[in-house]
Chemist: 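To start, I am sharing the structure in question, which I have written as structure tokens.
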There are 2 protein chains.
Amino acid sequence: MPAPLMSRDEVVERLFAVFRQRGYDGASLSELSQATGLGRSSLYHYFPGGKEDMARAALDYLDSWVEGHLLAPLRGAGTPAERLARMTAELDRLYDHGRSACLLGALVHGEGRHLFQERLRSSFGALVAALAALVVESGVAPTEAQRRAEEAMVRIQGSLVLSGGLDDDGPFRRMLAGLETLLLDAGR
Amino acid sequence: MPAPLMSRDEVVERLFAVFRQRGYDGASLSELSQATGLGRSSLYHYFPGGKEDMARAALDYLDSWVEGHLLAPLRGAGTPAERLARMTAELDRLYDHGRSACLLGALVHGEGRHLFQERLRSSFGALVAALAALVVESGVAPTEAQRRAEEAMVRIQGSLVLSGGLDDDGPFRRMLAGLETLLLDAGR
DNA sequence: GTCTATAATAGGATAGAC
DNA sequence: GTCTATCCTATTATAGAC
């Protein structure tokens, strides 16, 4: 019995990288196999349900990353502005300064949406809810906080689409720079 | 020689509908064939370059639709606010109140991006430029106008992603409602 | 747990009849 | 201009050896 070449976590991380770039329909087993260095059969050993299982694992990985790197900082110590700054720094890492797509945004299209609509809803919903909670804590009324949190999510996703389409980091960078004003500035 | 069952324009319109929903990789010839009612061979008669040609035609169709329904109104008669209102009404139609995806946003992922990066750049760029011109006309400095136009595009795309992911029209509706304030209100 | 081999299907694309 | 038939490749998935 050969020992595993890499941890399951590392395998999933590479699957995640393929799905975010190629989308569900565009991610072929060949590419997933190449990216992980595992043969098809090894992939099916880890993921008996095939490609759908692999995408689900990628979503699990993202949820866990988001919880650890985005939601936890938002709930952590410091002023709302400090916590938000920690989150935006992590967003910048996650999306490689706007050069990498969002897995959720990629799975919204084609078969991915059909397979994962409920997961997408809950993942998007959790992020928006966490942002709204931060904004409420900063002294904004819940209704308005919810509106701002939704708009922040809209801008994150939209800037990734536009930066991808233009092949230009600008939109993502400017979006990141404007998040604090959008979420925490009272005069709006 | 059988007469054409439908005009080329109508064929392209149906191809457009498939690509926007399924993305480039997710749009199979079977589905494109079904959607148009044309057999594979007939599709290749219209589009000798195969699927890539079909997607290109869908992009042409979108560019033409955008020129006629979005850019022309922006340049037309009336105050900037009136022209913008005409454009947002057309946006609402194009995206079916937030229920249909954007072709450009769909083609940003997977193979579509590699094939059409330049087209995406110019289509996105033309829209942003037209919005910026309107904002300049309303009395805003060019640099600030460009910033607002880019943010409008970001919000359009982001709201479509979020409305798709949440399966909820809300984000798109609220985005549309906020466009005039974003673009034309001085106090920002 | 990984490999080689292979099945079974779907994909994109073409040829030629009418 | 559309059809039926076909080709070739890639795809997803499985079986079985080690």
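Chain identifiers are assigned alphabetically (A, B, ...) following the order of the sequence lines, protein sequences preceding nucleic acid strands; residue numbering begins at 1 within each chain.
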Chemist: Roughly how many Å is it from CZ in B:Arg40 to C1' in C:dA15, rounded to a whole number?
Modeler: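 Interatomic distance, CZ of B:Arg40 to C1' of C:dA15: 15 Å.
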
Chemist: Do the charged groups of A:Glu150 and A:Arg147 touch, with an N to O distance under 4.0 Å?
Modeler: no

Chemist: Check this for me: does any side-chain nitrogen of one of B:Glu137 and B:Arg75 sit under 4.0 Å from a carboxylate oxygen of the other?
Modeler: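 Result for this pair is no, no salt bridge flagged.
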
Chemist: Considering heavy-atom distances to DNA chain D, does B:Gly39 or A:Glu52 have its closest nucleotide positioned more toward the 5' end?
Modeler: B:Gly39

Chemist: Inspect the contact between B:Asp167 and A:Arg113 and indicate whether a charged nitrogen and a carboxylate oxygen are less than 4.0 angstrom apart.
Modeler: yes

Chemist: Can you check the A:Tyr46 OH to C:dC3 P distance for me, whole Å?
Modeler: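 Taking atom P of C:dC3 as the reference, OH of A:Tyr46 is at 10 Å.
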
Chemist: Under 3.5 Å, side chain of B:Ser123 to main-chain N/O of B:Arg119, donor-acceptor pair present?
Modeler: yes

Chemist: The side chain of A:Lys51 is closest to which nucleotide in this list: C:dT2, D:dT12, C:dG12?
Modeler: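 Between C:dT2, D:dT12, C:dG12, the one nearest the side chain of A:Lys51 would be D:dT12.
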
Chemist: Among residues 103-114 of chain B, which ones have heavy-atom contacts with DNA chain C below 4.0 Å?
Modeler: none

Chemist: What integer distance in Å separates B:Leu43:CG from D:dT4:P?
Modeler: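 Those two atoms, CG and P, are 14 Å apart.
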
Chemist: Can you say whether a donor on the side chain of B:Ser41 sits under 3.5 Å from an acceptor on the base of C:dA15, or the other way round?
Modeler: yes

Chemist: Check whether A:Lys51 reaches the backbone of A:Leu32 with its side chain - one donor and one acceptor, N or O, closer than 3.5 Å.
Modeler: no

Chemist: Does atom CD of A:Gln34 have more than 12 heavy-atom neighbours, drawn from other residues, nucleotides or ligands, at distances under 6.0 Å?
Modeler: no

Chemist: Check A:Leu74, A:Leu71, A:Val140 against A:Leu134 for a side chain to side chain contact (heavy atoms under 4.5 Å, CB included) and give me the one that passes.
Modeler: A:Leu74

Chemist: Think B:Tyr44 has a side-chain N or O under 4.0 angstrom from the OP1 or OP2 of C:dA13?
Modeler: yes

Chemist: Would you mind checking if B:Glu151 and A:Arg174 are paired as a salt bridge, meaning a charged N to carboxylate O distance below 4.0 Å?
Modeler: no

Chemist: Return no unless some side-chain N or O of B:His45 is found under 4.0 Å from OP1 or OP2 of D:dG1.
Modeler: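 Yes, such a contact exists.
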
Chemist: Salt bridge check: are B:Glu118 and B:Arg121 linked by an N-O gap of less than 4.0 Å?
Modeler: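 Counted as a salt bridge, because a side-chain N and a carboxylate O are separated by less than 4.0 Å.
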
Chemist: Rounded to whole Å, please give me the gap between CE in B:Met54 and C1' in C:dG12.
Modeler: 9 Å

Chemist: For DNA chain C, what residues of residues 15-32 of chain A have any heavy atom nearer than 4.0 Å?
Modeler: none

